[in-house]
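Here the structure is laid out as C-alpha coordinates; the discussion comes afterwards.
Sequence lines set the chain letters: A, B, ... in the order given, protein chains first and strands last, and positions in each chain run from 1.
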There are 2 protein chains.
Amino acid sequence: MSENETPPIPSRNRLRKAAVIEQAAICFMEKGYHATSVDDVARRLGCSKGRVYHYCPTKTDLFFEVHREGMRRLFEAIEPALRTPGSSLEVLRAMLVAHAGAMLRHHHFETVVAQGVQIHRFGATTPDQRATLSELIASRDTFENLFKKQIAAARDDGHLGDVDVSIAAKVALGGLQWSIYWYRPDADRGRNARDRLAVMMADIIIDGLRARG
Amino acid sequence: MSENETPPIPSRNRLRKAAVIEQAAICFMEKGYHATSVDDVARRLGCSKGRVYHYCPTKTDLFFEVHREGMRRLFEAIEPALRTPGSSLEVLRAMLVAHAGAMLRHHHFETVVAQGVQIHRFGATTPDQRATLSELIASRDTFENLFKKQIAAARDDGHLGDVDVSIAAKVALGGLQWSIYWYRPDADRGRNARDRLAVMMADIIIDGLRARG
DNA sequence: GTCTATATGGTGATAGAC
DNA sequence: GTCTATCACCATATAGAC
(Lines give C-alpha, C1' and ligand atoms only; values in the text may rest on other atoms or scores of the structure.)
Protein backbone atom coordinates (compact mmCIF):
# COMPACT_ATOMS: atom_id res chain seq x y z
CA MET A 1 0.00 0.00 0.00
CA SER A 2 3.01 2.35 0.06
CA GLU A 3 3.39 4.66 -2.91
CA ASN A 4 6.33 3.05 -4.65
CA GLU A 5 5.00 -0.51 -4.50
CA THR A 6 2.99 -0.59 -7.71
CA PRO A 7 5.03 -1.01 -10.88
CA PRO A 8 4.25 1.78 -13.40
CA ILE A 9 2.32 -0.15 -16.00
CA PRO A 10 2.16 -3.88 -15.40
CA SER A 11 2.48 -5.65 -18.71
CA ARG A 12 -0.23 -7.97 -19.91
CA ASN A 13 2.10 -10.89 -19.31
CA ARG A 14 2.71 -9.98 -15.70
CA LEU A 15 -1.02 -9.73 -15.16
CA ARG A 16 -1.59 -13.13 -16.76
CA LYS A 17 1.12 -14.69 -14.67
CA ALA A 18 -0.31 -13.10 -11.53
CA ALA A 19 -3.69 -14.61 -12.39
CA VAL A 20 -2.13 -18.05 -12.78
CA ILE A 21 -0.46 -17.75 -9.38
CA GLU A 22 -3.64 -16.48 -7.74
CA GLN A 23 -5.77 -19.34 -9.02
CA ALA A 24 -3.07 -21.85 -8.18
CA ALA A 25 -3.12 -20.54 -4.62
CA ILE A 26 -6.86 -21.16 -4.41
CA CYS A 27 -6.48 -24.68 -5.76
CA PHE A 28 -3.63 -25.53 -3.40
CA MET A 29 -5.63 -24.14 -0.50
CA GLU A 30 -8.70 -26.20 -1.32
CA LYS A 31 -7.16 -29.57 -2.07
CA GLY A 32 -3.54 -29.32 -1.04
CA TYR A 33 -0.54 -29.14 -3.32
CA HIS A 34 -0.17 -32.80 -4.26
CA ALA A 35 -3.86 -33.41 -4.80
CA THR A 36 -4.06 -30.46 -7.15
CA SER A 37 -3.33 -31.24 -10.77
CA VAL A 38 -2.12 -28.67 -13.25
CA ASP A 39 -5.36 -29.38 -15.06
CA ASP A 40 -7.24 -28.21 -11.96
CA VAL A 41 -5.45 -24.88 -12.09
CA ALA A 42 -6.10 -24.57 -15.82
CA ARG A 43 -9.78 -25.41 -15.37
CA ARG A 44 -10.07 -22.66 -12.78
CA LEU A 45 -8.48 -20.20 -15.20
CA GLY A 46 -10.79 -21.34 -17.97
CA CYS A 47 -7.95 -22.45 -20.21
CA SER A 48 -5.87 -25.50 -20.98
CA LYS A 49 -2.75 -26.45 -19.12
CA GLY A 50 -0.62 -25.36 -22.03
CA ARG A 51 -1.05 -21.82 -20.84
CA VAL A 52 -0.12 -22.66 -17.28
CA TYR A 53 3.11 -24.29 -18.40
CA HIS A 54 3.80 -21.31 -20.62
CA TYR A 55 4.00 -19.04 -17.54
CA CYS A 56 5.51 -21.52 -15.10
CA PRO A 57 7.91 -24.26 -16.15
CA THR A 58 7.06 -26.85 -13.49
CA LYS A 59 4.43 -27.46 -10.86
CA THR A 60 7.08 -27.09 -8.17
CA ASP A 61 7.91 -23.62 -9.44
CA LEU A 62 4.23 -22.79 -9.38
CA PHE A 63 4.20 -23.62 -5.69
CA PHE A 64 7.30 -21.55 -5.07
CA GLU A 65 5.72 -18.53 -6.73
CA VAL A 66 2.64 -18.84 -4.54
CA HIS A 67 4.79 -19.20 -1.45
CA ARG A 68 6.95 -16.24 -2.36
CA GLU A 69 3.92 -14.03 -2.96
CA GLY A 70 2.41 -15.16 0.33
CA MET A 71 5.53 -14.17 2.23
CA ARG A 72 5.76 -10.88 0.36
CA ARG A 73 2.25 -10.01 1.53
CA LEU A 74 3.10 -10.88 5.12
CA PHE A 75 6.13 -8.58 5.13
CA GLU A 76 4.16 -5.83 3.41
CA ALA A 77 1.39 -6.06 6.01
CA ILE A 78 3.54 -5.56 9.10
CA GLU A 79 5.86 -2.98 7.58
CA PRO A 80 3.73 0.04 8.62
CA ALA A 81 3.47 -1.38 12.13
CA LEU A 82 7.26 -1.36 12.42
CA ARG A 83 7.17 2.43 11.96
CA THR A 84 4.35 2.96 14.43
CA PRO A 85 5.23 5.64 16.97
CA GLY A 86 4.82 4.49 20.55
CA SER A 87 6.26 2.15 23.11
CA SER A 88 7.81 -1.18 22.19
CA LEU A 89 4.63 -2.85 23.44
CA GLU A 90 2.45 -0.69 21.21
CA VAL A 91 4.62 -1.55 18.24
CA LEU A 92 4.34 -5.23 19.08
CA ARG A 93 0.59 -4.98 19.34
CA ALA A 94 0.38 -3.20 15.99
CA MET A 95 2.50 -5.94 14.43
CA LEU A 96 0.24 -8.67 15.79
CA VAL A 97 -2.92 -6.91 14.63
CA ALA A 98 -1.44 -6.37 11.19
CA HIS A 99 -0.32 -9.97 10.96
CA ALA A 100 -3.70 -11.31 12.04
CA GLY A 101 -5.36 -9.12 9.44
CA ALA A 102 -3.03 -10.31 6.72
CA MET A 103 -3.67 -13.94 7.62
CA LEU A 104 -7.41 -13.37 7.20
CA ARG A 105 -7.17 -11.15 4.12
CA HIS A 106 -4.77 -13.36 2.19
CA HIS A 107 -6.23 -16.58 3.48
CA HIS A 108 -5.59 -18.63 0.34
CA PHE A 109 -1.96 -17.59 -0.04
CA GLU A 110 -1.14 -18.04 3.62
CA THR A 111 -2.74 -21.46 3.73
CA VAL A 112 -0.29 -22.51 1.04
CA VAL A 113 2.61 -20.92 2.90
CA ALA A 114 1.70 -23.05 5.90
CA GLN A 115 1.64 -26.22 3.79
CA GLY A 116 5.23 -25.40 3.75
CA VAL A 117 8.45 -25.85 2.02
CA GLN A 118 9.06 -29.05 3.94
CA ILE A 119 7.06 -31.03 1.43
CA HIS A 120 9.44 -29.98 -1.30
CA ARG A 121 12.65 -30.94 0.43
CA PHE A 122 12.91 -33.94 -1.87
CA GLY A 123 10.91 -32.52 -4.75
CA ALA A 124 13.38 -29.75 -5.53
CA THR A 125 15.74 -31.34 -8.00
CA THR A 126 17.43 -28.60 -10.01
CA PRO A 127 20.03 -26.28 -8.42
CA ASP A 128 17.75 -23.40 -9.27
CA GLN A 129 14.87 -24.91 -7.29
CA ARG A 130 17.16 -25.71 -4.39
CA ALA A 131 18.23 -22.08 -4.25
CA THR A 132 14.62 -20.91 -4.25
CA LEU A 133 13.86 -23.35 -1.45
CA SER A 134 16.65 -21.92 0.71
CA GLU A 135 15.45 -18.42 -0.02
CA LEU A 136 11.92 -19.22 1.11
CA ILE A 137 13.06 -20.90 4.30
CA ALA A 138 15.24 -17.91 5.04
CA SER A 139 12.35 -15.51 4.52
CA ARG A 140 10.28 -17.44 7.07
CA ASP A 141 13.06 -17.16 9.62
CA THR A 142 13.49 -13.48 8.92
CA PHE A 143 9.80 -12.91 9.47
CA GLU A 144 9.72 -14.75 12.78
CA ASN A 145 12.86 -12.90 13.88
CA LEU A 146 11.10 -9.56 13.47
CA PHE A 147 8.64 -10.68 16.13
CA LYS A 148 11.30 -12.19 18.36
CA LYS A 149 13.26 -8.95 18.34
CA GLN A 150 10.18 -6.90 19.15
CA ILE A 151 9.15 -9.26 21.95
CA ALA A 152 12.66 -9.08 23.39
CA ALA A 153 12.62 -5.29 23.21
CA ALA A 154 9.23 -5.06 24.90
CA ARG A 155 10.33 -7.48 27.58
CA ASP A 156 13.54 -5.55 28.24
CA ASP A 157 11.43 -2.40 28.55
CA GLY A 158 9.46 -4.11 31.31
CA HIS A 159 6.20 -4.39 29.39
CA LEU A 160 6.12 -8.17 29.29
CA GLY A 161 6.35 -11.00 31.76
CA ASP A 162 9.47 -13.11 31.98
CA VAL A 163 8.77 -15.11 28.85
CA ASP A 164 11.07 -17.20 26.70
CA VAL A 165 11.30 -15.11 23.55
CA SER A 166 11.47 -17.99 21.12
CA ILE A 167 8.57 -19.90 22.59
CA ALA A 168 6.51 -16.76 23.03
CA ALA A 169 6.97 -15.87 19.39
CA LYS A 170 6.00 -19.34 18.21
CA VAL A 171 2.89 -19.55 20.40
CA ALA A 172 1.82 -16.00 19.56
CA LEU A 173 2.26 -16.35 15.81
CA GLY A 174 0.72 -19.83 15.96
CA GLY A 175 -2.40 -18.52 17.64
CA LEU A 176 -2.91 -16.11 14.75
CA GLN A 177 -1.79 -18.40 11.98
CA TRP A 178 -4.03 -21.26 13.03
CA SER A 179 -6.84 -19.19 11.52
CA ILE A 180 -6.04 -20.88 8.22
CA TYR A 181 -7.90 -23.89 9.64
CA TRP A 182 -11.08 -22.21 10.79
CA TYR A 183 -11.48 -18.89 9.01
CA ARG A 184 -13.85 -18.91 6.04
CA PRO A 185 -13.45 -15.69 3.99
CA ASP A 186 -16.80 -15.96 2.23
CA ALA A 187 -18.72 -16.31 5.50
CA ASP A 188 -17.33 -12.99 6.67
CA ARG A 189 -18.47 -10.01 4.65
CA GLY A 190 -16.72 -6.72 4.73
CA ARG A 191 -13.46 -5.24 5.79
CA ASN A 192 -14.74 -3.98 9.13
CA ALA A 193 -15.69 -7.39 10.46
CA ARG A 194 -12.30 -8.73 9.46
CA ASP A 195 -10.42 -5.88 11.11
CA ARG A 196 -12.37 -6.26 14.33
CA LEU A 197 -11.64 -9.96 14.36
CA ALA A 198 -7.93 -9.29 13.88
CA VAL A 199 -7.90 -6.93 16.87
CA MET A 200 -9.68 -9.47 19.05
CA MET A 201 -7.21 -12.17 18.11
CA ALA A 202 -4.20 -9.97 18.83
CA ASP A 203 -5.68 -8.86 22.15
CA ILE A 204 -5.97 -12.46 23.29
CA ILE A 205 -2.31 -13.00 22.48
CA ILE A 206 -1.17 -9.87 24.27
CA ASP A 207 -3.42 -9.99 27.30
CA GLY A 208 -4.03 -13.72 27.59
CA LEU A 209 -7.30 -15.23 28.68
CA ARG A 210 -7.01 -14.18 32.30
CA ALA A 211 -8.59 -11.08 33.72
CA ARG A 212 -6.34 -8.18 34.61
CA GLY A 213 -6.03 -7.18 38.21
CA MET B 1 -2.93 -44.09 31.42
CA SER B 2 -6.00 -45.02 33.48
CA GLU B 3 -6.27 -48.60 34.70
CA ASN B 4 -9.07 -49.88 32.49
CA GLU B 5 -7.61 -48.51 29.25
CA THR B 6 -5.40 -51.41 28.25
CA PRO B 7 -7.20 -54.37 26.67
CA PRO B 8 -6.41 -57.62 28.54
CA ILE B 9 -4.18 -59.31 25.98
CA PRO B 10 -3.97 -57.54 22.67
CA SER B 11 -3.95 -60.12 19.90
CA ARG B 12 -1.05 -60.33 17.51
CA ASN B 13 -3.33 -58.96 14.78
CA ARG B 14 -4.25 -55.90 16.75
CA LEU B 15 -0.58 -55.23 17.38
CA ARG B 16 0.25 -55.62 13.71
CA LYS B 17 -2.55 -53.30 12.70
CA ALA B 18 -1.44 -50.76 15.29
CA ALA B 19 2.06 -50.89 13.83
CA VAL B 20 0.70 -50.24 10.35
CA ILE B 21 -1.23 -47.22 11.59
CA GLU B 22 1.74 -45.91 13.53
CA GLN B 23 4.12 -46.07 10.59
CA ALA B 24 1.48 -44.62 8.29
CA ALA B 25 1.19 -41.68 10.68
CA ILE B 26 4.93 -41.06 10.43
CA CYS B 27 4.84 -41.22 6.64
CA PHE B 28 1.86 -38.88 6.39
CA MET B 29 3.57 -36.48 8.77
CA GLU B 30 6.79 -36.43 6.79
CA LYS B 31 5.48 -36.11 3.25
CA GLY B 32 1.79 -35.42 3.56
CA TYR B 33 -1.05 -37.79 2.77
CA HIS B 34 -1.14 -37.49 -1.01
CA ALA B 35 2.61 -37.62 -1.49
CA THR B 36 2.83 -40.79 0.56
CA SER B 37 2.44 -43.99 -1.41
CA VAL B 38 1.27 -47.22 0.13
CA ASP B 39 4.67 -48.56 -0.86
CA ASP B 40 6.26 -45.89 1.36
CA VAL B 41 4.30 -47.19 4.34
CA ALA B 42 5.22 -50.76 3.52
CA ARG B 43 8.89 -49.87 3.12
CA ARG B 44 8.85 -48.29 6.56
CA LEU B 45 7.32 -51.45 8.00
CA GLY B 46 9.88 -53.57 6.20
CA CYS B 47 7.29 -55.50 4.25
CA SER B 48 5.42 -55.35 0.97
CA LYS B 49 2.19 -53.49 0.46
CA GLY B 50 0.26 -56.72 0.42
CA ARG B 51 0.42 -56.68 4.20
CA VAL B 52 -0.74 -53.09 4.42
CA TYR B 53 -3.78 -53.84 2.29
CA HIS B 54 -4.46 -56.91 4.37
CA TYR B 55 -5.00 -54.74 7.45
CA CYS B 56 -6.56 -51.73 5.77
CA PRO B 57 -8.75 -51.97 2.65
CA THR B 58 -7.94 -48.58 1.14
CA LYS B 59 -5.50 -45.72 1.58
CA THR B 60 -8.36 -43.45 2.61
CA ASP B 61 -9.26 -45.82 5.41
CA LEU B 62 -5.65 -45.82 6.48
CA PHE B 63 -5.85 -42.07 6.87
CA PHE B 64 -9.09 -42.34 8.81
CA GLU B 65 -7.54 -44.81 11.25
CA VAL B 66 -4.63 -42.46 11.88
CA HIS B 67 -6.98 -39.54 12.38
CA ARG B 68 -9.22 -41.49 14.72
CA GLU B 69 -6.27 -42.62 16.84
CA GLY B 70 -4.94 -39.06 16.92
CA MET B 71 -8.26 -37.77 18.24
CA ARG B 72 -8.51 -40.61 20.75
CA ARG B 73 -5.16 -39.61 22.20
CA LEU B 74 -6.23 -35.98 22.48
CA PHE B 75 -9.36 -36.89 24.44
CA GLU B 76 -7.42 -39.30 26.60
CA ALA B 77 -4.84 -36.65 27.43
CA ILE B 78 -7.24 -34.01 28.74
CA GLU B 79 -9.57 -36.41 30.53
CA PRO B 80 -7.67 -36.33 33.86
CA ALA B 81 -7.62 -32.54 33.69
CA LEU B 82 -11.40 -32.47 33.53
CA ARG B 83 -11.48 -34.15 36.95
CA THR B 84 -8.89 -31.85 38.46
CA PRO B 85 -10.10 -30.39 41.75
CA GLY B 86 -9.90 -26.61 41.89
CA SER B 87 -11.39 -23.50 40.37
CA SER B 88 -12.70 -23.36 36.83
CA LEU B 89 -9.54 -21.45 35.91
CA GLU B 90 -7.32 -24.14 37.38
CA VAL B 91 -9.21 -26.79 35.42
CA LEU B 92 -8.80 -24.77 32.25
CA ARG B 93 -5.09 -24.40 32.85
CA ALA B 94 -4.73 -28.13 33.46
CA MET B 95 -6.59 -28.82 30.21
CA LEU B 96 -4.31 -26.52 28.24
CA VAL B 97 -1.16 -28.01 29.75
CA ALA B 98 -2.39 -31.52 29.02
CA HIS B 99 -3.32 -30.61 25.49
CA ALA B 100 0.04 -28.98 24.83
CA GLY B 101 1.78 -32.07 26.17
CA ALA B 102 -0.29 -34.35 23.97
CA MET B 103 0.48 -32.28 20.88
CA LEU B 104 4.20 -32.66 21.57
CA ARG B 105 4.08 -36.29 22.65
CA HIS B 106 1.95 -37.53 19.76
CA HIS B 107 3.50 -35.16 17.25
CA HIS B 108 3.18 -37.50 14.26
CA PHE B 109 -0.46 -38.37 14.84
CA GLU B 110 -1.53 -34.81 15.53
CA THR B 111 0.25 -33.52 12.47
CA VAL B 112 -1.94 -35.83 10.43
CA VAL B 113 -5.06 -34.76 12.31
CA ALA B 114 -4.27 -31.18 11.34
CA GLN B 115 -3.89 -32.12 7.69
CA GLY B 116 -7.51 -32.59 8.15
CA VAL B 117 -10.56 -34.28 6.95
CA GLN B 118 -11.17 -31.47 4.51
CA ILE B 119 -8.86 -33.09 1.97
CA HIS B 120 -11.09 -36.15 1.91
CA ARG B 121 -14.36 -34.36 1.32
CA PHE B 122 -14.29 -35.59 -2.26
CA GLY B 123 -12.17 -38.67 -1.70
CA ALA B 124 -14.70 -40.44 0.50
CA THR B 125 -16.78 -42.40 -1.96
CA THR B 126 -18.46 -45.28 -0.15
CA PRO B 127 -21.28 -44.66 2.36
CA ASP B 128 -19.08 -46.27 4.98
CA GLN B 129 -16.30 -43.76 4.39
CA ARG B 130 -18.75 -40.89 4.40
CA ALA B 131 -20.02 -41.99 7.80
CA THR B 132 -16.48 -42.19 9.15
CA LEU B 133 -15.82 -38.70 7.80
CA SER B 134 -18.81 -37.29 9.65
CA GLU B 135 -17.75 -39.05 12.82
CA LEU B 136 -14.27 -37.53 12.66
CA ILE B 137 -15.57 -34.02 12.01
CA ALA B 138 -17.94 -34.41 14.93
CA SER B 139 -15.15 -35.52 17.24
CA ARG B 140 -13.18 -32.39 16.40
CA ASP B 141 -16.16 -30.23 17.28
CA THR B 142 -16.73 -32.12 20.49
CA PHE B 143 -13.12 -31.58 21.48
CA GLU B 144 -13.21 -27.85 20.82
CA ASN B 145 -16.50 -27.59 22.70
CA LEU B 146 -14.89 -28.98 25.84
CA PHE B 147 -12.57 -25.97 25.82
CA LYS B 148 -15.32 -23.53 24.93
CA LYS B 149 -17.42 -24.71 27.84
CA GLN B 150 -14.54 -24.45 30.26
CA ILE B 151 -13.60 -20.98 29.01
CA ALA B 152 -17.22 -19.87 29.40
CA ALA B 153 -17.34 -21.30 32.92
CA ALA B 154 -14.10 -19.59 33.94
CA ARG B 155 -15.28 -16.32 32.44
CA ASP B 156 -18.62 -16.51 34.26
CA ASP B 157 -16.71 -17.14 37.47
CA GLY B 158 -14.89 -13.87 36.92
CA HIS B 159 -11.48 -15.41 36.26
CA LEU B 160 -11.18 -14.26 32.66
CA GLY B 161 -11.46 -11.03 30.78
CA ASP B 162 -14.48 -10.29 28.65
CA VAL B 163 -13.42 -12.54 25.79
CA ASP B 164 -15.46 -14.00 22.94
CA VAL B 165 -15.56 -17.66 23.87
CA SER B 166 -15.40 -19.03 20.35
CA ILE B 167 -12.50 -16.85 19.23
CA ALA B 168 -10.65 -17.35 22.49
CA ALA B 169 -10.88 -21.12 22.11
CA LYS B 170 -9.65 -21.03 18.53
CA VAL B 171 -6.72 -18.72 19.27
CA ALA B 172 -5.77 -20.63 22.43
CA LEU B 173 -5.90 -24.07 20.84
CA GLY B 174 -4.21 -22.72 17.73
CA GLY B 175 -1.29 -21.39 19.75
CA LEU B 176 -0.70 -24.87 21.11
CA GLN B 177 -1.48 -26.79 17.97
CA TRP B 178 0.81 -24.75 15.78
CA SER B 179 3.61 -26.71 17.44
CA ILE B 180 3.15 -29.29 14.71
CA TYR B 181 5.05 -26.87 12.47
CA TRP B 182 8.05 -26.16 14.67
CA TYR B 183 8.41 -28.92 17.25
CA ARG B 184 11.00 -31.58 16.44
CA PRO B 185 10.57 -34.59 18.77
CA ASP B 186 14.06 -35.98 18.21
CA ALA B 187 15.75 -32.69 19.07
CA ASP B 188 14.10 -32.72 22.48
CA ARG B 189 15.25 -35.55 24.72
CA GLY B 190 13.34 -36.64 27.74
CA ARG B 191 9.93 -36.33 29.22
CA ASN B 192 10.86 -33.54 31.58
CA ALA B 193 11.91 -31.11 28.90
CA ARG B 194 8.67 -31.78 27.06
CA ASP B 195 6.53 -31.27 30.13
CA ARG B 196 8.26 -28.01 30.97
CA LEU B 197 7.70 -26.80 27.44
CA ALA B 198 4.02 -27.67 27.65
CA VAL B 199 3.63 -25.63 30.82
CA MET B 200 5.38 -22.65 29.28
CA MET B 201 3.12 -22.77 26.25
CA ALA B 202 -0.03 -22.98 28.33
CA ASP B 203 1.12 -20.14 30.55
CA ILE B 204 1.53 -17.85 27.57
CA ILE B 205 -2.02 -18.64 26.52
CA ILE B 206 -3.47 -18.05 29.96
CA ASP B 207 -1.45 -15.03 31.00
CA GLY B 208 -0.66 -13.51 27.63
CA LEU B 209 2.60 -11.81 26.80
CA ARG B 210 1.97 -8.75 28.94
CA ALA B 211 3.28 -8.36 32.45
CA ARG B 212 0.81 -8.60 35.31
CA GLY B 213 0.07 -5.60 37.44
C1' DG C 1 0.54 -17.62 -26.94
C1' DT C 2 -2.58 -21.12 -26.75
C1' DC C 3 -4.23 -25.25 -27.99
C1' DT C 4 -4.49 -30.63 -28.70
C1' DA C 5 -2.28 -34.80 -28.72
C1' DT C 6 0.99 -37.91 -26.61
C1' DA C 7 5.07 -39.88 -24.19
C1' DT C 8 6.37 -41.48 -19.77
C1' DG C 9 6.33 -42.80 -15.13
C1' DG C 10 4.23 -43.79 -10.91
C1' DT C 11 0.24 -45.23 -7.82
C1' DG C 12 -3.91 -47.55 -5.88
C1' DA C 13 -5.78 -51.73 -5.93
C1' DT C 14 -6.38 -56.81 -7.17
C1' DA C 15 -5.30 -61.78 -8.20
C1' DG C 16 -3.28 -65.66 -7.09
C1' DA C 17 0.98 -68.45 -5.63
C1' DC C 18 2.89 -70.12 -1.33
C1' DG D 1 -0.97 -63.84 6.19
C1' DT D 2 2.39 -62.45 3.20
C1' DC D 3 4.36 -62.16 -1.00
C1' DT D 4 5.01 -61.11 -6.28
C1' DA D 5 3.03 -59.83 -10.56
C1' DT D 6 0.06 -57.15 -12.91
C1' DC D 7 -3.74 -54.01 -14.39
C1' DA D 8 -5.90 -49.73 -15.08
C1' DC D 9 -5.61 -45.11 -14.37
C1' DC D 10 -4.02 -40.52 -13.75
C1' DA D 11 -0.66 -36.71 -13.65
C1' DT D 12 3.50 -34.21 -15.15
C1' DA D 13 5.62 -32.60 -18.85
C1' DT D 14 6.64 -32.16 -23.91
C1' DA D 15 6.00 -31.65 -29.03
C1' DG D 16 4.13 -29.54 -32.51
C1' DA D 17 -0.10 -27.56 -35.02
C1' DC D 18 -2.35 -23.13 -35.44
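Rounded to whole angstrom, the span from the CG atom of A:L45 across to the P atom of C:dC3 amounts to 10 Å. Between the NZ atom of A:K59 and the P atom of C:dT8 there is a distance of 22 Å, given to the nearest Å. Distance A:D39 CG to C:dA5 C1': 13 Å, rounded to the nearest Å. Between the P atom of C:dG10 and the NE2 atom of A:H34 lies a distance of 15 Å, rounded to the nearest Å. Atom-to-atom, OH of B:Y33 to C1' of C:dT11 comes out at 11 Å; the value is rounded to the nearest Å. Here the C1' atom of nucleotide C:dT11 and the CG atom of B:L62 are 14 Å apart, to the nearest Å. Atom CD in B:Q129 sits about 14 Å away from atom P in C:dG12, given to the nearest Å. Summarising the geometry, the separation between NZ on A:K17 and C1' on C:dG1 is reported as 15 Å, rounded to the nearest angstrom.
You'll find that the side chain of A:R51 is closest to C:dC3, out of C:dC3, C:dG12, D:dT2. Taking only side-chain atoms of A:C47, from C-beta outward, the nucleotide of D:dT12, C:dC3, C:dT14 with the closest atom is C:dC3. Residue B:Y55 has its side chain nearest to D:dT2 when only D:dT2, D:dA13, C:dT2 are considered. Picking from C:dG12, D:dT2, C:dC3 the nucleotide with the shortest atom distance to the side chain of B:R16 gives D:dT2. Across C:dT11, D:dT12, C:dT14, the shortest atom-to-atom separation from the side chain of B:Y53 is found for C:dT14.
In terms of position on DNA chain D, the residue among A:T36 and B:H54 whose nearest nucleotide sits closer to the 5' end is B:H54. When the nearest nucleotides of DNA chain C are assigned to B:A35 and B:P57 by heavy-atom distance, the more 5′-ward of the two goes with B:A35.
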message = With ring-ring contact (aromatic ring centres under 6.0 Å, His included) as the criterion, how do A:H120 and A:F64 come out once you've worked through the C-alpha distance, each side chain's angles and the decisive distance to 0.1 Å?
response = CA-CA 9 Å; A:H120 296 269; A:F64 285 157; 5.7 Å; yes
inquiry  = Test ring-ring contact (aromatic ring centres under 6.0 Å, His included) on B:F109 and B:H67; report intermediate values, then the result.
reply    = CA-CA 7 Å; B:F109 277 99; B:H67 192 290; over 10 Å; no
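Taking the six-membered ring where the residue is Trp, A:F75 and A:F143 present perpendicular rings, their angle passing 60° and hence far from 30°.
When the shell of 6.0 Å around CG of B:D39 is examined, it contains more than 12 heavy atoms from other residues, nucleotides or ligands.
Within 4.0 Å (heavy atoms only), A:D40 reaches no atom of the nucleic acid at all. B:S48 comes within contact range of at least one nucleobase, with a heavy-atom separation under 4.0 Å.
Nearest heavy-atom pair across A:A124 and A:R130 is O-NH1, 3.7 Å.
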